[in-house]
**Student:** 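Handing you this structure, nothing more for now.
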Amino acid sequence: MSHKITTQQVNFKVFRFNADEDYLPYYEDYSMEVTSEEVVLDILNRIKWDHDGSFSYRRSCRHGICGACAIKVNGRSTLACKESMTKMIEIFGTDLTIEPLSTKRAVKDMIIDKGDFWEKHDAIQPYLISDVDEHPEHEHLVTPEEAEALNEADLCIQCGACHYACPVIEINEDYFGPAAFAKAYRFEADVRDDAHTSRLIDLHKEGQGVWDCVKCMECAEVCPKDVDPISKITSLHNMLFREGVATSNVATRHAVGFKNSIAKNGVLDEGGLVLYSEMAGIVKHVPVALKMFKKGKIVPPWGITKSDNLDEIQKLVKSSSTAKF
Amino acid sequence: MEKLKYALFTGCTAKQSTPEQMMSTMAVAEKLGIELVELTEASCCGASHLQDYDDFLSLVLNARNIAYAEKHGLTMVTICNTCQLNTAMTKHRLDNNAELKAKVNEKLAEVGLEYKGTSDITHFLYAIIDDIGLDKIKEMVVTPLSQFNIAPFYGCHNIRPSELQNETHKTPENAYRPTSLDDLIIACGGMNVDYEEKTKCCGFHAELQAPKTAAVLTGNAIAGAMDGDADWMVTPCPLCHLKLDTQTHHASEAIGREVSLPVLHMQQMVGLALGCSPESLGLQHHLVNVDFV
C-alpha cells in the first residue's frame, strides 16, 4: 500500500522565556512546512536545529515512555513525541501556540520546574508498603486477575500532562491532583500492599484529597497512556467508604445523600440534599436560596414529584447497595 | 418526514431548580414537531456523586432508567450534560462487559425489568443537530438573534470524555474545538463568541466541598465571555446554568471582579429564535435578569 506524504504550512507561536535573563516571557513566530509524518517533537527539534539553538525543551526516549517532553499545544496538554502534527492541525487548524505545561512554572522556554508535581507524587507514598520476609520460602505470586485490578494505572509515565491540565491544581496548590491519585490507586489496588488506611487517610483530607475533584474529565482526555485518572479517583472514593476511612463531612454526606434521596423519592430532593450535606453550614446558602425561592427555583420537600413505580427503585436500592456509611 | 419521537429523561433539576429548562424544552419540542414521552418512572442518575459512594447501585439505577426507554422502543433524550454522561457511560460499560451486564440484569429482574442495550442515548442539543438539522432550524427561524454576541458554554459532560461523545453521537466533536453549540448559535442568527473558557469546567460538582475552587471556575467562565464581548451566554447544561446564573456573587468575590451575564439554556435560545414567547420559555425564572427581550 502506498502512503502519500502531504505537507502543510503551519504558523507557530512559541513561548520563550529565560528565568535568568528575561523579566517577562514573550512569543516568537515561526512559519514552517509541516509533513503529515511529523510529530510535535519534530517541530521542537526543527525550531532548535534550524532557527534558534538556544530554544530549550526536555526530550529523551522519543517513544512515549520517559514522559519528559509533555508540553501544551493551544492549551491542550500533549506528549510531544506521541502526538502527530496531522492530528494537531485537524483539531486546531494551522495556527498553533506552543507553550510549556505551566507558563507560571517556566524556567526556560518549554522547561518547567516540575517540583510541585513530584512533591505531590511523593506525598501519596508511591511505593509498595509491605512487611516483606527477606528470606521467603515461596515467591509472592500475583495472579493475572489481581494484576488486572490495577486497571492500567501502572502505565503512568509521570509526564504531568493531566496534572497541569487539571483546573483544580491551577486554583488550589494543596490539591494532590490526578496523577498523584492515579499513582495512589496503583498501590492501593495492589494485593501486595499493606498501607491501605495510611495512604487513604491522606487522600480523604479536604482541600488536598479526592473530594476536591470537579469531575471535568480533562485528565482522562489528555492522558497519553490512557490511564484514565478520573476513573481511579472514583475507585478511591469507593475505597474510602469500603475501608471505613471516610468520615462524615460535607463531601461524604453529599455522596451518600444521593442514595438517601433516591431511596425516598426516586428523584433528588435538591434542598434536602444540600441540607443533609451541609448541616449547620446550610446558613451560608440562605441568601442565594432566598433569591432562588423568589424566582420559583426552590421546590419544598412536600412539593416534589416522586418517580413513578417508586417501589421498584426502593427495592433495587435495598438489594443492589454495595457500600456502607 | 415521520414525526420525531423520543423518550425524555428530564433529570432532577428541570423539575426543581431550573423549571425554565423544562418549560423551554417542551415549548421548543412543540415548535419543532418533536414528540417527547416523559420517563416518569426514571430515578435520579446519581449526578456523578452516587457512584463515588456506590458505583454498582449507580449502574443499576441508570440501567433501569434506560430499560424504560427501551420498553418504549425509543431513543432516550437527556436535557442535562451530567445525566447524559452518567446514562451514556452506563450504556457503554454494560454494552462492553457481558459479565457486568448480567450482574445488573440479575438485579433488574427482581423488578421485572431488563437492560438490553437497544436504545440510543443522546442530549437534546445533539438530537436537534443530528435529527432535525441546522439547515432546517435556519429555515424555521422567525426572530433571528442577529443583534447578539452569544457565548457558548459547552459543559464538560457533553464533550468529555470525547471517546464516549464520539461513540454516542452521530456528529462526533472534538473536546478542544467543539462546534455544535457555536453552529446552533449561528443557525439561530446570532454571532458566536470564541473564548478560552467555553470548553472549561463551571465548578458545579465541587460547589459544596470546595466552594472557593468552584467559585473561581465560575468567575473565570463568565469573565471570559464578558471579555469576548458577549451579550449573554448559552449552555446545554442546567447544572452549568445554576452555577453561572445563581452564583455570580460568590464568583465575583472569588476572582475580585464583578462578573454577571444573562445565561440562557440552549432550548431558550432556540425558542426565542423560533418565536416562542419569553414567558413560555421561563425567562422570568433567572436570577440574572434577562433584560434584552
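No experiment lies behind these values; they were computed from the predicted model shown. Per chain, numbering begins at 1; letters A, B, ... match sequence-line order.
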**Student:** Counting only heavy atoms closer than 4.5 Å, note whether B:Leu39 contacts chain A via side chain, backbone, both or neither.
**Tutor:**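 For B:Leu39, no heavy atom lies under 4.5 Å from chain A.
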
**Student:** Among B:Val60, B:Leu208, B:Thr13, who wins on heavy-atom pairs under 4.5 Å with chain A?
**Tutor:**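 Top count of heavy-atom pairs under 4.5 Å with chain A: B:Leu208.
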
**Student:** Can you check whether B:Gln16's main-chain N or O pairs, donor with acceptor, with A:Glu270's side chain at less than 3.5 Å?
**Tutor:**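 The answer is no, because no donor-acceptor pair under 3.5 Å joins these two groups.
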
**Student:** If you count heavy-atom pairs under 4.5 Å between each of A:His237, A:Lys294, A:Glu170, A:Lys291 and chain B, which one has the most?
**Tutor:**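 Heavy-atom pair counts peak at A:His237.
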
**Student:** Mind ranking A:Ile304, A:Ile233, A:Asn249, A:Asn172 by heavy-atom pairs under 4.5 Å with chain B and telling me who comes out on top?
**Tutor:**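 Among the listed options, the one with the most contacts to chain B is A:Ile304.
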
**Student:** Any chance you could measure A:Ile230, atom CD1, to B:Arg160, atom CZ, to the nearest 0.5 Å?
**Tutor:**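 Nearest 0.5 Å value for the CD1-CZ distance: 11.0 Å.
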
**Student:** What residue, out of A:Leu310, A:Ile298, A:Val256, has the most heavy-atom pairs lying under 4.5 Å from chain B?
**Tutor:**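 When all of A:Leu310, A:Ile298, A:Val256 are compared, A:Val256 has the most.
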
**Student:** If you count heavy-atom pairs within less than 4.5 Å of chain A, which of B:Ala47, B:Ser48, B:Ala206 leads?
**Tutor:**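 So the answer, after comparing B:Ala47, B:Ser48, B:Ala206, is B:Ser48.
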
**Student:** I'd like to know which of A:Glu206, A:Glu278, A:Met239, A:Lys284 tops the heavy-atom pair count under 4.5 Å against chain B.
**Tutor:**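 Greatest number of close heavy-atom pairs with chain B: A:Glu278.
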
**Student:** Between the side chains of A:Glu218 and B:Lys200, is the shortest nitrogen-to-carboxylate-oxygen separation below 4.0 Å, so that they form an ion pair?
**Tutor:**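 Looking at A:Glu218 together with B:Lys200, the answer is no, because their closest N to O distance does not fall below 4.0 Å.
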
**Student:** Supply the atom-to-atom distance A:Glu221 CD to B:Tyr176 OH, rounded to the nearest 0.5 angstrom.
**Tutor:**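 Going from the CD atom of A:Glu221 to the OH atom of B:Tyr176 covers 5.0 Å.
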
**Student:** Once the angle between the rings of B:His49 and A:Phe258 is folded into 0 to 90°, is it parallel (under 30°), tilted (30 to 60°) or perpendicular (over 60°)?
**Tutor:**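 B:His49 and A:Phe258: parallel rings.
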
**Student:** Name the option with the most non-hydrogen atom pairs under 4.5 Å to chain A; the candidates are B:Pro19, B:Ser17, B:Gly112.
**Tutor:**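 Looking at each of B:Pro19, B:Ser17, B:Gly112 in turn, B:Ser17 comes out on top.
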
**Student:** Among B:Asn220, B:Val216, B:Leu242, which residue has the highest count of heavy-atom pairs closer than 4.5 Å to chain A?
**Tutor:**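 Highest number of pairs under 4.5 Å: B:Val216.
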
**Student:** Please evaluate residues A:Ile313 and B:Leu61 with respect to the criterion side chain to side chain contact (heavy atoms under 4.5 Å, CB included), reporting the C-alpha separation (whole Å), side-chain torsions for both, the decisive distance (0.1 Å), and the verdict.
**Tutor:** CA-CA 7 Å; A:Ile313 296 169; B:Leu61 292 171; 4.1 Å; yes

**Student:** May I have the step-by-step check of side chain to side chain contact (heavy atoms under 4.5 Å, CB included) for B:Asn174 and A:Glu90, ending in yes or no?
**Tutor:** CA-CA 10 Å; B:Asn174 191 283; A:Glu90 191 188 297; 5.9 Å; no

**Student:** If I take atom OH from residue B:Tyr53 and atom OG1 from residue A:Thr252, how far apart are they, to the nearest 0.5 angstrom?
**Tutor:**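 Going from the OH atom of B:Tyr53 to the OG1 atom of A:Thr252 covers 10.0 Å.
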
**Student:** Are A:Tyr175 and B:Thr213 close enough, and set up right, to give a side chain to side chain contact (heavy atoms under 4.5 Å, CB included), and what steps lead you there?
**Tutor:** CA-CA 11 Å; A:Tyr175 185 59; B:Thr213 301; over 6 Å; no

**Student:** Against chain A, work out which of B:Arg64, B:His205, B:Glu110 has the most heavy-atom pairs shorter than 4.5 Å and name it.
**Tutor:**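 Most pairs with chain A among the choices: B:Arg64.
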
**Student:** With a 4.5 Å cut-off on heavy-atom pairs, point out which of A:Pro287, A:Ser320, A:Gly266 contacts chain B the most.
**Tutor:**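 Option with the top pair count is A:Ser320.
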
**Student:** Tell me which of these, A:Lys259, A:Arg242, A:Lys306, has more heavy-atom pairs under 4.5 Å with chain B than the rest.
**Tutor:**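 Maximum pair count with chain B is reached by A:Lys259.
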
**Student:** Picking from B:Ala254, B:Cys45, B:Ser162, which has the most non-hydrogen pairs under 4.5 angstrom with chain A?
**Tutor:**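 Most heavy-atom pairs within the cutoff with chain A belong to B:Ser162.
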
**Student:** Rounded to the nearest 0.5 Å, what separation is found between the CE atom of A:Met292 and the NE2 atom of B:His286?
**Tutor:**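 If we round to the nearest 0.5 Å, A:Met292:CE and B:His286:NE2 are 11.5 Å apart.
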
**Student:** How long is the straight-line distance from CG of B:Asp55 back to CG of A:Asn238, given to the nearest 0.5 Å?
**Tutor:**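 Taking CG in A:Asn238 and CG in B:Asp55, the distance rounds to 5.5 Å.
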
**Student:** When you compare the side chain of B:Lys107 with that of A:Ser319, does any pair of heavy atoms fall below 4.5 Å?
**Tutor:**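 Result yes, sub-4.5 Å side-chain heavy-atom pair found.
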
**Student:** How many angstroms lie between NZ in A:Lys295 and CG in B:Asp245, if you round to the nearest 0.5 Å?
**Tutor:**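 Here the interatomic distance stands at 9.0 Å.
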
**Student:** Start with the C-alpha distance between B:Thr18 and A:Lys297, add both sets of side-chain angles, then the distance that settles side chain to side chain contact (heavy atoms under 4.5 Å, CB included), and finish with yes or no.
**Tutor:** CA-CA 6 Å; B:Thr18 59; A:Lys297 281 179 163 293; 4.0 Å; yes

